[in-house]
Amino acid sequence: MDIDITELPTPCYLVDERLFLKNLEILNSIQQRTGCKVLLALKGFSMYSIFPLVSKYLKGVTASSLFEARLGYEEMGKEVHIYAPAYIEEEFDKILNYCDHITFNSFDQWNRFKEKVKSIKSKTISCGIRINPEYSEIATPIYDPCYQYSRLGVTLANFRPEELEGVEGLHFHTMCEQNSDTLERTIRVVDQKFGEYIKKMKWLNFGGGHHITRPDYDIETLVRSIKYFQDKYGVDIYLEPGEAVALDTGYLVAKVLDIVDNAMKIAILDTSAACHMPDVLEMPYRPNIIESGKAGEYAHTYRLGGLTCLAGDIIGDYSFREPLKPGDRLVFCDMAHYTMVKNNMFNGVNLPSIALFNEEEGIKVIRQFGYEDFKTRLS
Ligand SMILES: *Cc1c(COP(=O)(O)O)cnc(C)c1O
């Protein structure tokens, strides 16, 4: 990394606008080649101080809740789409204020809310149904929307063609960190099962989980898949990646607080897997750290542990060329997506600060958190 982080408060999420811009340009090239629309899934990345840049490239946002929809509406101001497994009656009028597209998870939900949608005269809101094609290639059940008894989307057996009047789109989301070969196999199934209904639609939403900005991603197959549906059915195509927008664009900078020993060396950091990078435990995965290797690769191996008293608050085992000591800084890579949006103050551990780097202004620390943020979530 070529950014001087010695003055940065720790822990701190640091997003590099140059890397972010690269991702936006890749996503935009797909829009330009195919005419599809790419939305940012706020669930994965909601750092709104960079939305002015995002809005120059992407067509809008997709939200999973009223709050995300409002954030997208107020901070991005372009198309706002929403999908949730169910909508809360008391929130629905507000959702109508903020959203242009609403996707329902069941025909019952659609029937419950469709009169409310139709009653809006000031703008047109386009409604869709999420389908479950019962085809996915995800090994981790908690990330697989098509696992047995999944509540996400309508299966073909439960699809009600007679209730489609007013529905303009279908939505499927069955992927997670995958390449376009998975998409190509998925859309074959979607077409086989739901093609006769897609024919009647204005749009089709391919969901998220497309790892488009990864170096080995096959963009040609994605373009072909988009064009296939555009040509066959004349539908508008939406993609709504979260992770791919912010993939490899940010870091979590942390500091070593102490080194303890229990049959191996263990470094305690001022960050936490449980609080600041929960996917390390949930996914689970091992984040990369700059200038480090696997256990045993370099001379000095440590287990890196977090600041909470959860025994399993462990980030992983890493080795370094020099021994670690209190005050050393460690830079975790790829920490922009599914971090800030998921973090928490378990154990009263403070949240990392949020900073942005660009060439003109250098590092800007945008937000620091404190006791008030901890207290106001409790009573
Ligand atoms: C999670 C999710 C996304 C974004 O997924 P990524 O893996 O971050 O690309 C998009 N759409 C829906 C419906 C989702 O649930």
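Please read all numbers here as calculations on a predicted model, not as lab measurements. Order of appearance sets the numbers: ligands from 1, and atoms from 1 within every ligand.
For the pair Gly207 and ligand 1, the shortest N or O to N or O distance does not fall below 3.5 Å. At least one N/O-N/O distance between Glu240 and ligand 1 falls below 3.5 Å. Among the atoms of Lys43, some N or O lies under 3.5 angstrom from an N or O of ligand 1.
Gly208 counts as a contact of ligand 1, since one of its heavy atoms falls under 4.0 Å from the ligand. Residue contacts with ligand 1 include Gly209, since one of its heavy atoms falls under 4.0 Å from the ligand. Residue contact annotation: His211 has no non-hydrogen atom under 4.0 Å from ligand 1. Under a 4.0 angstrom heavy-atom cut-off, Ala244 registers as lying outside contact with ligand 1.
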Side-chain atoms of residues 241-255: list all donor-acceptor pairs with protein atoms under 3.5 Å, sequence neighbours left out, distances to 0.1 Å.
| from | atom 1 | to | atom 2 | distance (Å) |
| --- | --- | --- | --- | --- |
| Glu243 | OE2 | His211 | NE2 | 2.9 |
| Thr249 | OG1 | Ala246 | O | 2.7 |

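Side-chain contact between Ile131 and Lys193: absent, with no pair of heavy atoms (C-beta onward) separated by less than 4.5 Å. Here the side chains of Thr103 and Asn205 are not in contact, with every heavy-atom distance at 4.5 Å or above.
The shortest heavy-atom contact between Tyr338 and Lys342 is O-CD, 3.7 Å.
Here the heavy atom of the protein found nearest to atom 8 (O) of ligand 1 is Tyr338 OH, 2.5 Å.
Geometrically, Arg188 does not engage Tyr135 in a cation-pi contact, judged by NZ or CZ lying under 6.0 Å from the ring centre and within 45° of the ring axis.
For atom 3 (C) of ligand 1, the choice among His173, His171, His210 with the nearest heavy atom turns out to be His173.
Residue pairs meeting the ring-ring contact (aromatic ring centres under 6.0 Å, His included) criterion with at least one partner in residues 31-83, sequence neighbours excluded, are Phe20-Phe45, Tyr73-Tyr98, His81-His101, His81-Tyr238, Tyr83-His171.
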